[in-house]
Amino acid sequence: YKPDEGVIEERARDFNPNWMTAVCALDDETYLGAENSFNLFTVRKNSDAAADEERSRLDVIGEYHLGEFVNRFRAGSLVMRLPGDGDGAGLG
């Protein structure tokens, strides 16, 4: 999203038909998605490709059947953080 212009910019495209329920950018080239058939999947932008068409395509790098409906991704931790553990950087 470009807030100064008020437009959504397409960076790449996933050509698989999915009824998306949630999406999360893991980094500049990797995305996590959830769809209405209780599946999660990860896609990656192919920035090293030679042709422009290939660079604008998202390649599936993982597919997972979760069996639960996901409508939101939240950053967090599966373990409790105690005061003084590390610098606080990361997803949590």
> Are Leu40 and Leu26 connected in a single hydrophobic cluster, I mean Ile/Leu/Val/Met/Phe/Trp/Tyr linked by side-chain heavy atoms less than 4.5 Å apart?
Replying inline: yes
> What is the minimum heavy-atom distance between Asn71 and Ala22, and which atoms define it?
Replying inline: C-CB, 3.8 Å
> How long is the span from the CG atom in Leu58 to the CZ atom in Arg44, to the nearest 0.5 Å?
Replying inline: 11.0 Å
>> Can you give me the closest heavy-atom contact between Arg55 and Ala50, atom names plus distance?
In response: NH1-O, 3.0 Å
>> Counting C-beta onward and ignoring hydrogens, is there a side-chain heavy-atom pair between Asn16 and Val43 closer than 4.5 Å?
In response: no
> Say you draw a straight line from CD1 of Ile8 to NZ of Lys2; how long is it, rounded to the nearest 0.5 Å?
Replying inline: 12.0 Å
>> I need the minimum non-hydrogen distance between Ser56 and Glu53, along with the two atoms involved.
In response: OG-O, 3.0 Å
> With a 4.5 Å limit on heavy-atom distance, are the side chains of Phe41 and Asn18 in contact?
Replying inline: yes
>> Minimum heavy-atom separation for Gly33 and Phe73, please, with both atom names.
In response: C-CZ, 4.1 Å
> Val79: what forms a side chain to side chain contact (heavy atoms under 4.5 Å, CB included) with it, not counting sequence neighbours?
Replying inline: Ser77
> In Å and rounded to the nearest 0.5 Å, what is the CD1 to OG1 distance from Ile61 to Thr42?
Replying inline: 4.0 Å
>> Measuring from atom CG of Asp27 to atom CG of Leu32, what distance do you get when rounded to the nearest 0.5 angstrom?
In response: 11.5 Å
Determine all donor-acceptor pairs shorter than 3.5 Å in which one atom belongs to a side chain in residues 62-70; sequence neighbours excluded.
| unit_1 | atom_1 | unit_2 | atom_2 | d |
| --- | --- | --- | --- | --- |
| His65 | ND1 | Asn39 | OD1 | 2.8 |

> Nearest 0.5 Å, what's the NZ-CG distance between Lys45 and Asp59?
Replying inline: 12.0 Å
> What heavy-atom pair brings Glu29 and Ser47 nearest, and what distance separates the two atoms?
Replying inline: OE2-OG, 2.6 Å
> Can you tell me how far CZ of Arg57 sits from CG of Asp14, rounded to the nearest 0.5 angstrom?
Replying inline: 9.0 Å
